[in-house]
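Hydrogens, waters and symmetry mates are skipped; everything else that's a heavy atom, side chains included, is used. Numbering starts at 1 and runs along the sequence shown.
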Amino acid sequence: MLQLNFHPAGRHQLSIPGPSPVPDRILRAMSMPTIDHRGPEFAKLGFKVLADLKKIFKTEHPVIIYPASGTGAWEAALCNVLSPGDQVLMYETGQFATLWKKMADRLGVKTEFISLPGLEGWRRGVQAHLIEARLKADTGHAIKAVCVVHNETSTGVTSNIAAVRAAIDAAGHPALLMVDTISGLASADYRHDEWGVDVTVSGSQKGLMLPPGISFNAVSPKAIEVSKHARLPKAFWAWDEMLEFNKTGYFPYTPSTNLLYGLHEALDMILGEGLDNVFARHQRLARACRAAVNAWGLEIQCADPAVYSPVLTGVMMPDGVDADALRKIIYDRFDTSLGTGLGKVKGKMFRIGHLGECNDVSLMGTLCAVEMGLAMAGVSLKGSGVVAAMAELQK
């Protein structure tokens with residue numbers, strides 16, 4: 001029999017910033033019998049999830065669903081609007097911005113990566129003025145798109161997307177605005193239409209509380225028009241056929257039916273709670289988590305309080321302390337998974353996820369495990385983060 005948890009009792013505490021814990025309601029919905037994806041019942045399901053997704057992205061325009069991870073949606077976004085050799089301006093905020101750039105390079109796109117120097121760029125949000133200055137210098141409009149990450153999962157930084165749009169407009173530049181909100185959607189406020197985003201990329205396994213396996217492109221009319229002339233190779237990812245089939249509630253190829261059942265349930269849960277209430281809950285839990293980190297006397301990875309993420313908190317380790325060794329202690333002893341440091345901060349930090357189906361008690365369980373693990377690892381603590389977090393939650 002498959003063994004997923006070697007601990008003798010209790011449920012594993014999944015406290016990574018995605019995949020997030022899947023609620024029992026969603027698991028039950030996914031266990032329903034698979035139906036004919038060309039039958040009349042499926043069309044009702046298709047129409048419902050496509051309509052409700054627009055409310056989550058805050059758009060009046062199409063949202064395309066792929067049976068893929070967020071990486072697939074990255075590729076779909078790029079290959080539908082770009083041609084070989086096109087120039088793209090990308091902003092480095094962390095490991096996932098870096099991986100998106102790597103993908104663009106492999107697709108034959110000419111990428112330019114800008115950011116603050118060194119590790120500083122990973123500790124702050126997108127600096128919109130740098131984008132504006134670069135676009136003003138591009139008088140021939142060679143740059144076809146600007147790509148940024150909304151909530152950088154590797155660092156705990158949430159960037160100001162409205163400011164990026166304002167920078168593009170101030171430069172008078174026609175470049176498309178493309179945004180990754182894979183970890184931000186349904187956890188942090190996001191407004192595809194209002195912020196003037198042309199292509200938004202997201203996935204199922206974060207704020208939507210689903211298993212990995214579904215991803216999305218929300219697309220503007222401008223992006224759809226540009227896609228008609230884009231020449232990067234695409235077949236599975238092509239928007240045109242997908243948009244045509246979606247008009248009838250169906251998909252051009254076999255969709256992930258049971259994940260769509262789960263998506264239907266997740267959308268009902270989120271819209272039932274109300275998006276503003278969901279965002280407020282995430283902000284509240286994030287404040288409590290940061291209160292714990294401050295009480296321990298440790299440093300938060302995000303150096304700008306104005307862009308603290310409501311999705312996760314990155315915790316920097318003192319010199320000489322291996323963050324991954326600490327994570328192993330906490331996993332082995334307290335049955336709790338924490339996010340590892342990625343890329344430039346590997347071994348220097350760990351990440352606490354407080355997204356999706358997370359409440360006061362589940363967060364407190366994680367913080368208790370972390371505090372005990374820190375003590376076992378010999379980390380000198382200024383005070384009790386657990387007590388500080390409880391005080392914040394009791395306000």
Side-chain angles (χ1 to χ4, degrees), residues 57-64 73-83 85-94 96-98 100-101 103-105 107 109-116 121-122 124-152 157-182 184-185 188-202 216-230 232 239 304 306-307:
F57 282 89
K58 296 188 178 180
T59 182
E60 298 296 323
H61 306 299
V63 178
I64 296 166
W74 272 350
E75 182 165 344
L78 295 169
C79 72
N80 274 285
V81 298
L82 298 172
S83 297
D86 276 353
Q87 294 185 35
V88 177
L89 183 65
M90 309 185 89
Y91 196 98
E92 182 185 4
T93 46
F96 290 96
T98 302
W100 200 9
K101 175 190 179 296
M103 171 181 283
D105 290 336
L107 290 173
V109 174
K110 295 180 180 177
T111 60
E112 181 179 348
F113 222 14
I114 63 171
S115 183
L116 295 173
W122 283 42
R124 300 182 183 275
V126 175
Q127 305 295 299
H129 70 279
L130 296 180
I131 292 176
E132 180 178 343
R134 179 63 187 90
L135 292 180
K136 283 182 175 178
D138 180 32
T139 55
H141 296 166
I143 295 171
K144 302 304 179 184
V146 174
C147 298
V148 298
V149 174
H150 173 226
N151 188 83
E152 178 56 72
V157 174
T158 303
S159 290
N160 186 337
I161 301 304
V164 177
R165 166 45 66 191
I168 297 172
D169 292 346
H173 202 287
L176 296 170
L177 173 56
M178 304 173 70
V179 179
D180 165 349
T181 188
I182 290 173
L185 189 74
D189 189 15
Y190 189 80
R191 310 176 188 186
H192 176 88
D193 286 1
E194 183 180 329
W195 293 345
V197 182
D198 291 299
V199 185
T200 297
V201 175
S202 196
F216 313 97
N217 280 179
V219 296
S220 73
K222 178 181 177 180
I224 293 173
E225 187 59 33
V226 169
S227 73
K228 296 175 182 177
H229 309 286
L232 276 179
W239 288 347
D304 181 1
V307 292

Taking V197's backbone N and O only, do any of them form a donor-acceptor pair with H192's side chain (distance below 3.5 Å, no angle check)?
yes
Residue pair S202 / Y190, side-chain donor-acceptor N/O under 3.5 Å
no
Quick check: does any side chain N or O of D198 sit under 3.5 Å from a backbone N or O of L177, one acting as donor and the other as acceptor?
yes
Does some side-chain heavy atom of R165 sit less than 4.5 Å from a side-chain heavy atom of I168?
yes
Listed partners of Y91 passing side-chain hydrogen bond (donor to acceptor under 3.5 Å, both in side chains), at least two apart:
none
Where do E152 and T93 land on the side chain to side chain donor-acceptor pair (under 3.5 Å) test, with the steps shown first?
CA-CA 7 Å; E152 178 56 72; T93 46; 3.3 Å; yes
Which pairs pass side chain to side chain donor-acceptor pair (under 3.5 Å) with one or both residues in residues 137-149, sequence neighbours excluded?
D138-H173
If the condition is side-chain hydrogen bond (donor to acceptor under 3.5 Å, both in side chains), which residues does K110 pass it with, not counting sequence neighbours?
none
Sole residue of T181, D189, N160 in side-chain hydrogen bond (donor to acceptor under 3.5 Å, both in side chains) with H150
T181
Testing the 3.5 Å rule here: is there a donor-acceptor pair between the side chains of N217 and W239?
yes
Looking only at atom types and distance, does a side-chain atom of D193 sit under 3.5 Å from a main-chain N or O of E60, one as donor and one as acceptor?
yes
Is there a donor in the side chain of S227 and an acceptor in the side chain of N80, or the other way round, less than 3.5 Å apart?
no
